[in-house]
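What's counted below: heavy atoms across the whole structure, side chains too, no hydrogens, waters or symmetry copies. All values derive from a computational prediction rather than experimental measurement. Throughout, protein chains are lettered first and strands after them, A, B, ... in sequence-line order, and every chain is numbered starting at 1.
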There are 2 protein chains.
Amino acid sequence: MGELTAALRKHSRKVTGPRQAILEVLRRHQHPLANREIHRALGPENCDLATVYRNLHTLEGMGLVRRYDFGDGTARFELVPEGEEGHHHHLICQQCALIVEVEECFPEELEQALARRHGFTGITHRLEFFGLCPRCAAARPTPAD
Amino acid sequence: MGELTAALRKHSRKVTGPRQAILEVLRRHQHPLANREIHRALGPENCDLATVYRNLHTLEGMGLVRRYDFGDGTARFELVPEGEEGHHHHLICQQCALIVEVEECFPEELEQALARRHGFTGITHRLEFFGLCPRCAAARPTPAD
DNA sequence: ACCGTTTTGCGGCTGGTTTGCAAATGACGG
DNA sequence: CCGTCATTTGCAAACCAGCCGCAAAACGGT
């Protein structure tokens, strides 16, 4: 993939096996993946876990990959689609960890107003939704009040 | 404070020194506090760090305390005010960690629509804002593009 | 093919959080 | 006021995601 090569060149980085393999894994999976999961998908034999960590950090810095935090103490990563700019959020099932991508986003004008009111600049936000997916809700009718 | 006692009773929990002390610390501070900070405020002599962790977990489960995640790998806790139901969010300076409470929240109707569309129930969300506070912005004019 | 720079693998280490276990403590009935 | 029993605490060790240093291996441009 030329895009990877180009991005790496621009940062004087090298096109290595692990890097390509990691992006390939992310390309195959459409959900945020944890370092550990990527490592497992690569085959622990082929690449050290530390290398996975380092590369995701690097790729994130180059904007090829986006980091998500679901609050469980594990960072997850998704491939940033071609020319894609804006971020998106997720709806996560608290039971089975099913992840659904969500296009809703916090209203831009509200965010700007908020920033202005407090004099903050360069404002961003982190937003994730949690709930019980249909499958899990069916399997567990009423969670015992 | 009878509310603490009542809540503890309801869960067959005991009213212990550390528990009261922890709530007292949270009552005095209006910002989310990390376990370590609470421990320090208590005087490391008076209560073990592990106890702080355990109690915050317990208190969270009883709804007396609310957990916040600012994405730095450290959980923070705030006292839930009397009869307070709704949560609130925070605006955090990425430079100096200044925390401002914000009343803006993700639009209820959008969240409901989102849940309905995907068949999710019991939906909640986690939302925090990040940016550069006025002080830090002044101290660091242009973050070098 | 050569050389300088970047990466990798490996082991060790950090910092937040949890757990096992024996001793201490709170709740409650007598 | 005291004994009993479940809960809680302190302590230390275990855990876990993530990070670091270093020597060896891989890459890119010549």
Side-chain angles (χ1 to χ4, degrees), chain A residues 1-2 4-25 32-62 64-77 97, chain B residues 1-2 4-25 32-62 64-77 97:
Chain A
M1 294 290 128
L4 165 60
T5 308
L8 287 172
R9 279 247 178 77
K10 185 158 42 182
H11 294 264
S12 322
R13 290 279 140 74
K14 302 184 178 182
V15 180
T16 68
R19 296 229 241 252
Q20 299 179 88
I22 288 172
L23 286 185
E24 186 50 38
V25 167
L33 291 180
N35 285 283
R36 179 121 329 167
E37 299 174 306
I38 297 172
H39 181 232
R40 188 148 25 82
L42 289 171
E45 305 290 309
N46 304 321
C47 177
D48 191 80
L49 180 56
T51 297
V52 175
Y53 274 96
R54 281 184 290 223
N55 277 327
L56 285 172
H57 188 251
T58 299
L59 294 172
E60 182 193 10
M62 299 192 304
L64 293 181
V65 149
R66 190 165 289 134
R67 172 190 303 255
Y68 288 98
D69 176 4
F70 294 165
D72 65 345
T74 309
R76 272 159 239 266
F77 297 87
Chain B
M1 293 288 125
L4 165 60
T5 307
L8 287 172
R9 277 249 178 76
K10 184 159 42 179
H11 294 263
S12 323
R13 289 283 141 74
K14 303 184 178 181
V15 181
T16 67
R19 298 228 241 251
Q20 299 179 88
I22 289 172
L23 286 184
E24 187 49 39
V25 168
L33 291 180
N35 285 283
R36 181 140 311 210
E37 299 174 306
I38 296 172
H39 181 233
R40 187 146 27 82
L42 289 172
E45 306 289 311
N46 304 321
C47 176
D48 192 79
L49 180 57
T51 298
V52 175
Y53 274 95
R54 279 184 288 223
N55 277 326
L56 285 172
H57 186 251
T58 298
L59 294 171
E60 183 192 9
M62 298 193 304
L64 293 181
V65 147
R66 191 164 289 134
R67 173 191 301 258
Y68 288 98
D69 174 5
F70 294 165
D72 65 346
T74 309
R76 272 160 239 266
F77 298 86

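For B/Arg40, the side-chain hydrogen bond (donor to acceptor under 3.5 Å, both in side chains) test picks out no residue, with sequence neighbours left out. Applying the side-chain hydrogen bond (donor to acceptor under 3.5 Å, both in side chains) test to B/Arg13 and every residue at least two apart in sequence or in another chain returns nothing. Judged as a side-chain hydrogen bond (donor to acceptor under 3.5 Å, both in side chains), and not counting sequence neighbours, A/Asp48 has no contacts. Take B/Asn35 and apply the side-chain hydrogen bond (donor to acceptor under 3.5 Å, both in side chains) test, not counting sequence neighbours, and it matches no residue. Among residues two or more places apart in sequence or in another chain, the side chain to side chain contact (heavy atoms under 4.5 Å, CB included) test is passed with B/Ala21 by B/Leu42. For A/Arg67, the salt bridge (charged side-chain N to carboxylate O under 4.0 Å, His left out) test picks out A/Glu60, with sequence neighbours left out. Taking B/Tyr68 as the reference, B/His88, B/His90 meet the ring-ring contact (aromatic ring centres under 6.0 Å, His included) condition, with sequence neighbours excluded. Every residue two or more places apart in sequence or in another chain was checked for a salt bridge (charged side-chain N to carboxylate O under 4.0 Å, His left out) with A/Arg66, and none qualifies.
Along DNA chain C, the nucleotide nearest B/Gly73 and the nucleotide nearest B/Val15 are compared for position; the residue whose nucleotide lies closer to the 5' end is B/Gly73. Between A/Arg13 and B/Thr51, the residue anchored nearer the 5' end of DNA chain D, judged by the nucleotide with its closest heavy atom, is B/Thr51.
Note on B/Asp72: nothing from the nucleic acid sits closer than 4.0 angstrom, heavy atoms only.
Once rounded to the nearest 0.5 Å, the distance linking CG of B/Leu23 with CZ of B/Phe77 reads 12.0 Å. In this structure, the separation between CG on A/Leu59 and CD1 on A/Ile22 is 6.5 Å, given to the nearest 0.5 Å. The distance from the CD atom of B/Glu37 to the OG1 atom of B/Thr74 is 8.5 Å, given to the nearest 0.5 Å. Considering CZ of B/Arg9 and NZ of B/Lys14, their distance stands at 12.5 Å, rounded to 0.5 Å. Rounding to the nearest 0.5 angstrom, the gap separating the CZ atom in A/Arg54 from the CG atom in A/Leu49 is 10.0 Å.
Atom CZ of A/Arg9 and atom P of C/dT5 are 19 Å apart (whole Å). Atom CG in A/Asn55 sits about 14 Å away from atom C1' in D/dC27, given to the nearest Å. Residue A/Asn46 contributes atom CG, which lies 18 Å from atom P of D/dA25 at whole-angstrom precision. Whole-Å rounding puts the A/Leu59 CG to C/dT7 P distance at 10 Å. Counting to the nearest Å, the P atom of D/dT9 and the CG atom of B/Leu56 are 11 Å from each other. Rounded to whole Å, the distance from CZ on B/Phe77 to C1' on C/dG16 is 11 Å. If you take CG of B/Leu4 and P of C/dA27, they are 10 Å apart, rounded to a whole angstrom. Distance B/Arg76 CZ to C/dG16 C1': 11 Å, rounded to the nearest Å.
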Filtered N/O pairs between nucleotides 1-4 of chain D and protein, under 3.5 Å:
none

So which protein nitrogen or oxygen atoms get under 3.5 Å of nucleotides 18-25 of chain C's nitrogens or oxygens?
{"unit_1": "C/dG20", "atom_1": "O6", "unit_2": "B/Arg54", "atom_2": "NH1", "d": "3.3"}

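End-to-end axis angle for the helix from C/dA1-D/dT30 to C/dG30-D/dC1, using five pairs per end and rounding to 10°, comes out at 40°.
Of the residues in residues 36-44 of chain A, A/Arg36 come within less than 4.0 Å of DNA chain D through at least one heavy atom, sorted by number.
Listed pair A/Asn35 / D/dA17 fails the phosphate criterion, with no side-chain N or O lying under 4.0 Å from OP1 or OP2.
Residues A/Arg19 and A/Thr58 meet the side-chain proximity criterion, which asks for heavy atoms closer than 4.5 Å.
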